[in-house]
Undergrad: 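Pasting a structure here, questions to come.
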Amino acid sequence: MPELPEVEVIKDGLRRKLRNRTIKGVDILFKGSIKNLSPPVFGKRMLGRKFEDVSRRGKFLIFSLDNGSFLIIHLRMTGQLTYCPSNEEADKYLCLKFILDNGYQLRFMDMRRFGVVYLVKKLEEITTLANLGPEPLESNFTALSLEEILKGQKKKVKIVLMDQNLIAGIGNIYATEALYQAKINPERKANQLTEAEVKELHRAIRDILQRSISARGTSTDNYRDAEGKKGNFQYQLQVYQRGGEPCSRCGAKISQIKISGRSTYFCPSCQK
DNA sequence: AATCGTTCCTGATAGC
DNA sequence: TGCTATCAGGAACGAT
């Protein structure tokens with residue numbers, strides 16, 4: 001599933017390609033993807049617009065358009081966004097496509113159809129976007145800011161890491177892996193971590209996210225970049241989807257449990 | 001107020 | 001072989 005690193009890779013891939021491209025056609029194949037407008041109004045408003053920039057906030061992709069409005073896309077579980085030649089065969093799960101002025105298309109595919117698309121005049125119209133916590137890779141996200149966040153939370157630390165209102169962009173994969181790297185049990189209460197553990201966790205979060213971006217994201221499932229290619233970080237995962245296998249640090253058997261309905265993997269021996 | 005369960009959706013897999 | 005049941009999960013929403 002696309003989390004911060006995957007969305008970042010897609011953003012970088014689309015940015016150069018879409019800049020100054022004009023939309024010559026809009027084809028809505030699954031109306032349910034478009035959340036804040038009726039599909040005909042969405043199509044009418046997108047037609048003729050020019051892409052000025054593409055950015056990312058948390059797991060949201062933000063496309064700035066030439067009239068000051070924004071196209072906002074959240075890929076959720078199985079959404080894919082690709083830039084491809086118009087004559088390339090369409091995916092079975094194509095939900096939305098923009099026909100560009102250079103013989104290429106921007107296509108949104110989504111097997112499980114959880115992904116969401118908005119067209120807004122102001123970013124604040126999307127409250128979940130407006131309420132996002134800090135970007136973990138920005139320099140103002142320090143060990144101290146993580147400490148402040150965790151201190152106020154009685155919930156399990158893994159739940160807190162995945163809460164988009166507290167920290168933006170971390171989902172199940174990276175919360176699981178960061179806690180493994182920091183040697184912290186995912187069931188620990190957030191406000192009960194020691195200062196040293198918080199520092200270690202802060203370092204682990206940034207390290208994991210950065211390494212995944214370098215590896216072009218995790219394709220355990222159906223994540224693809226803007227060119228339709230798989231990422232490679234799945235080969236570096238230490239515990240995620242490795243229940244029953246030996247821990248690479250101590251050899252103990254990796255546990256698989258559920259926390260708030262989400263599969264969680266950890267080493268019961270070295271994550272205290 | 002905080003936490004839990006349900007919903008959306010379809011493919012992969014397990015079990016009979 | 002072929003059927004059904006279960007599971008996967010981000011985030012909104014309803015229920016407790």
Side-chain angles (χ1 to χ4, degrees), chain A residues 1-8 10-11 28-37 39 56-62 72-81 90-96 108-118 120 123-133 135-136 149-179 186-192 209 212 217-224 230 234 237 239-244 254-266:
Chain A
M1 62 236 70
E3 304 180 24
L4 187 153
E6 291 75 30
V7 181
E8 180 72 12
I10 292 171
K11 181 263 286 177
I28 301 166
L29 295 103
F30 174 62
K31 295 178 169 68
S33 298
I34 296 154
K35 292 298 174 183
N36 70 325
L37 293 174
R56 179 194 61 73
R57 179 78 173 91
K59 303 176 199 171
F60 286 89
L61 281 158
I62 302 170
I72 296 172
I73 299 181
H74 193 304
L75 300 171
R76 294 280 179 94
M77 306 296 302
T78 54
Q80 301 176 344
L81 266 180
D91 186 281
K92 181 179 167 189
Y93 306 109
L94 186 62
C95 292
L96 173 64
F108 171 58
M109 283 86 67
D110 193 358
M111 185 179 80
R112 290 184 203 168
R113 311 213 282 197
F114 284 4
V116 292
V117 177
Y118 304 89
V120 295
L123 293 178
E124 302 82 69
E125 289 176 48
I126 311 294
T127 49
T128 50
L129 179 60
N131 292 335
L132 285 176
E135 283 292 326
I149 290 165
L150 298 180
K151 210 159 63 177
Q153 298 295 327
K154 287 178 268 186
K155 288 173 277 187
K156 292 173 182 176
V157 59
K158 186 188 176 221
I159 300 289
V160 173
L161 293 184
M162 290 172 62
D163 186 335
Q164 303 302 299
N165 298 313
L166 299 174
I167 306 169
I170 299 175
N172 203 24
I173 296 174
Y174 299 106
T176 298
E177 290 292 315
L179 287 164
E187 298 207 273
R188 291 272 299 283
K189 303 289 182 200
N191 60 4
Q192 287 174 8
L209 295 175
S212 179
T218 301
S219 293
T220 49
D221 214 334
N222 65 349
Y223 160 70
R224 297 292 183 276
K230 287 188 179 192
Q234 61 274 22
L237 296 175
V239 284
Y240 185 77
Q241 290 187 343
R242 291 185 175 276
I254 294 165
S255 298
Q256 174 174 357
I257 59 169
K258 289 260 186 193
I259 296 181
S260 243
R262 311 267 182 274
S263 296
T264 303
Y265 307 84
F266 68 101

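In what follows, chains are A, B, ... by sequence order, proteins preceding strands, each numbered from 1.
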Undergrad: Return the angle between end axes of the helix from B:dA2-C:dT16 to B:dC16-C:dG2, with five pairs used per end and rounding to 10°.
TA: 60°
Undergrad: Rounded to the nearest Å, what distance is computed from the CG atom of residue A:N172 to the C1' atom of nucleotide C:dC7?
TA: 14 Å
Undergrad: What is the distance, rounded to the nearest whole Å, between atom CG of A:N222 and atom P of C:dG9?
TA: 13 Å
Undergrad: If you compare every side-chain N and O of A:Q164 against the phosphate oxygens of C:dG10 (OP1, OP2), does one of them come in below 4.0 Å?
TA: no
Undergrad: Closer to the 5' end of DNA chain C via nearest nucleotide, is it A:L129 or A:Y240?
TA: A:Y240
Undergrad: Rounded off to whole Å, could you give me the CZ-to-P distance for the A:R57 and C:dA11 pair?
TA: 13 Å
Undergrad: Go through it in stages, so that I can follow the logic: the residues are A:K35 and A:V117, the test is side-chain contact (heavy atoms from CB on, under 4.5 Å), and I'd like the CA-CA distance, side-chain angles, deciding distance and then a yes or no.
TA: CA-CA 6 Å; A:K35 292 298 174 183; A:V117 177; over 6 Å; no
Undergrad: Under 4.0 angstrom, heavy atoms only, what part of the nucleic acid is A:M77 near: base, sugar-phosphate, or nothing?
TA: base
Undergrad: Can you tell me how far C1' of C:dC7 sits from OH of A:Y265, to the nearest Å?
TA: 11 Å
Undergrad: Once each nucleotide of nucleotides 5-12 of chain B is scored for protein heavy atoms under 4.0 Å, what B/S/- sequence comes out, 5' to 3'?
TA: ---BBBS-
Undergrad: With the criterion being N/O to N/O and under 3.5 Å, what pairs connect the protein with nucleotides 1-3 of chain B, and how long is each?
TA:
none

Undergrad: Check whether the side chains of A:N172 and A:K158 place a donor and an acceptor atom closer than 3.5 Å, and report yes or no.
TA: yes
Undergrad: Are OP1 or OP2 of C:dG10 and a side-chain N or O of A:H74 less than 4.0 angstrom apart?
TA: no
Undergrad: Rounded to whole Å, how long is the line connecting atom NZ of A:K35 with atom C1' of C:dG10?
TA: 13 Å
Undergrad: Check A:V160 against A:Q153 and note the closest heavy-atom contact, atom names and distance.
TA: CG2-CB, 3.6 Å
Undergrad: Look at A:Y174 and C:dG10 and indicate whether a side-chain polar atom (N or O) is within less than 4.0 Å of OP1 or OP2.
TA: no
Undergrad: Could you point out which residue of A:I126, A:I73, A:L129, A:V120 forms a side chain to side chain contact (heavy atoms under 4.5 Å, CB included) with A:I62?
TA: A:L129
Undergrad: Does A:R242 count as lying over the ring of A:Y265, i.e. NZ or CZ under 6.0 Å from the six-ring centre, within 45 degrees of the axis?
TA: no
Undergrad: Rounded to the nearest Å, what distance is computed from the NZ atom of residue A:K59 to the P atom of nucleotide C:dG9?
TA: 12 Å
Undergrad: Tell me: CD1 of A:I259 to C1' of C:dG10, nearest whole Å?
TA: 16 Å
Undergrad: What is the minimum heavy-atom distance between A:F60 and A:L132, and which atoms define it?
TA: CD1-CD1, 4.0 Å
Undergrad: Are the side chain of A:Q256 and the backbone of A:G244 linked by a donor-acceptor contact shorter than 3.5 Å?
TA: no
Undergrad: Mind running side-chain contact (heavy atoms from CB on, under 4.5 Å) on A:K59 and A:Q164 for me, showing each step along the way?
TA: CA-CA 9 Å; A:K59 303 176 199 171; A:Q164 303 302 299; 3.6 Å; yes
Undergrad: Do we see a donor-acceptor contact under 3.5 Å between the side chains of A:T78 and A:N222?
TA: no
Undergrad: Give a yes-or-no answer on whether the side chains of A:Y174 and A:S212 include a donor-acceptor pair shorter than 3.5 Å.
TA: yes
Undergrad: At under 4.0 Å between heavy atoms, what does A:S263 touch on the DNA or RNA strands: base, sugar-phosphate, or nothing?
TA: sugar-phosphate
Undergrad: Kindly determine whether A:F108 and A:Q80 satisfy side-chain contact (heavy atoms from CB on, under 4.5 Å), including the steps that lead there.
TA: CA-CA 6 Å; A:F108 171 58; A:Q80 301 176 344; over 6 Å; no
Undergrad: Let me see the working for A:L75 and A:D110 under side-chain contact (heavy atoms from CB on, under 4.5 Å), right down to the final yes or no.
TA: CA-CA 8 Å; A:L75 300 171; A:D110 193 358; over 6 Å; no
